[in-house]
Amino acid sequence: TLEMPTALQQKYALGKTIGTGVCGEVKFAFLRDTMEKCAVKIINKGNFKSEGTATRNAETEIQILQRIDHPCLMKTKDFYQTEESYFIVLELMEGGELYYRIKSKKQIPEDVAKFYFYQMLLAVQYLHSQGIIHRDLKPENVLLSSQEDFCLIKVTDFNQSRILEEAALMRTLCGTPSYLAPEVFTAASTDGYGLSVDAWSLGVLLFVCLGGYPPFHEQFGTSVREQVLRGSYTLLPKQWSHISEQAKDLVQKLLVVDPSQRLNIEEALSHDWLQVRLMYLRVPPPQAQGEASELQSPPPQAQGEASESPSSGPMRGLS
Ligand SMILES: C/C(=N\NC(=N)N)c1ccc2[nH]c(C(=O)Nc3ccc4cc[nH]c4c3)cc2c1
């Protein structure tokens, strides 16, 4: 059985396991004195093969979890550790993992997928502004705040994340640059690749939300590695025929093999698919020339958008 820190037991009552991952599980819990619900992610140190990287990853992750502050990123409420495990207390996301929402619903309605994807973009835009590459964006690491379709999402699991080693890169650039390879200047981090890896993963996430199946999968013949390296995927008509051209355009501009040609987060946020169009601005058909475009009275709930200009910026209220 798992040895729990007494301090954790005193402060929190732990309940059943609500999620299991590669490196641990998530348990339901509540704060004893306020009965506030939360989730405890238990990360086993033991099953880390190479002692070195794992502990460094975990330390980086804890550092990131305690440092980030954004509505679409999971924040740590408390942290404990024992010899063999880390215990991270987090906000409880009642809707569970996006992974199960996709699994049960197959395809997510396009406007719901847009709402989720917009929040993922804001979360990753914030991470990148903090010099953090997530590197492991997948449906298991996107959590939903409720069972509702239009709910808030939070991105989590920074185990693979890297903080751009500005310092290391600066030290490198201090030396004589004449022997430095070009990619060292362009690499946003010392690992030789940059922020663009997250844009690719977001493309895969958007594909799965809209299409209900993954773009790259071992059942499609060649190895997933081959499919990814070639950027070869198929938009099956059955699933994609009713998806808008703009949504497909955004997916295709993210799933680009050459990172320099791939959309970055800012460009994705400015893509047409994510701009809010005034749904109720009706322009008369061409033959009715001269007639001013009439503005129907907006539906009550859209009141807030009434003031937006037709080419309004991205969805407001979340950024
Ligand atoms: C911080 C972290 N991972 N870090 C590492 N793997 N090193 C992580 C990963 C996955 C996670 N999943 C959750 C989480 O709240 N999951 C979850 C799963 C199922 C249900 C059902 C209702 N609420 C749920 C929440 C928190 C969480 C934190």
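If you take OH on Tyr118 and SG on Cys72, they are separated by 9.0 Å, rounding to the nearest 0.5 Å. Rounding to the nearest 0.5 angstrom, the gap separating the CD atom in Gln246 from the CG atom in Asp272 is 5.0 Å. Put simply, NE2 on His134 and CG on Leu127 are 7.0 Å apart, with the number rounded to the nearest 0.5 Å. The distance from the CZ atom of Phe158 to the OG1 atom of Thr76 is 8.5 Å, given to the nearest 0.5 Å. To the nearest 0.5 Å, atoms CZ (Arg262) and CG (Leu254) are separated by 8.5 Å.
Ser244 and Glu110 share a donor-acceptor pair across their side chains, judged by distance under 3.5 Å alone. Judged by distance alone, the side chains of Glu266 and Gln125 do bring a donor and an acceptor atom under 3.5 Å apart.
Side-chain contact between Arg67 and Ile163 is present, with at least one heavy-atom pair separated by less than 4.5 Å. Contact check for Gln252 versus Leu235: side-chain heavy atoms found under the 4.5 Å cut-off. Proximity of Val142 to Gln119: side-chain heavy atoms (C-beta onward) are nowhere separated by under 4.5 Å.
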Between Glu61 and Ile43, does the side-chain contact (heavy atoms from CB on, under 4.5 Å) criterion hold? Intermediate values first, please. CA-CA 11 Å; Glu61 172 169 31; Ile43 300 164; 4.0 Å; yes
- Task: Go through Trp200 and Phe216 one step at a time and tell me if the ring-ring contact (aromatic ring centres under 6.0 Å, His included) criterion holds.
- Result: CA-CA 12 Å; Trp200 173 275; Phe216 312 109; 5.6 Å; yes
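In this pair, His70 and Tyr126 present their aromatic rings tilted. The plane angle is within the 30 to 60° band. The aromatic rings of Tyr12 and Tyr80 sit perpendicular, their planes meeting at an angle over 60°, well past the 30° parallel limit.
The ring of Phe79 has its center no closer than 6.0 angstrom to the ring center of Phe87.
Annotation: Phe30, atom CZ; neighbour count of heavy atoms from other residues, nucleotides and ligands within 6.0 Å does not exceed 12. Sparse packing is recorded around OH of Tyr99, with 12 or fewer heavy atoms of other residues, nucleotides or ligands lying under 6.0 Å away.
In this structure, Lys45 satisfies the cation-pi test against Tyr86, with its NZ or CZ atom closer than 6.0 Å to the six-membered ring centre and inside 45 degrees of the ring normal.
Look at Glu91 and Lys77 and you find no salt bridge, because none of the NZ, NE, NH1 or NH2 atoms lies under 4.0 Å from a carboxylate O.
When the side chains of ILVMFWY residues are joined at heavy-atom separations under 4.5 Å, either directly or via intervening members, Leu210 and Leu236 end up in a single hydrophobic cluster.
Looking at Tyr116, its side chain does come within 3.5 Å of a backbone N or O of Asp149 through a donor-acceptor pair.
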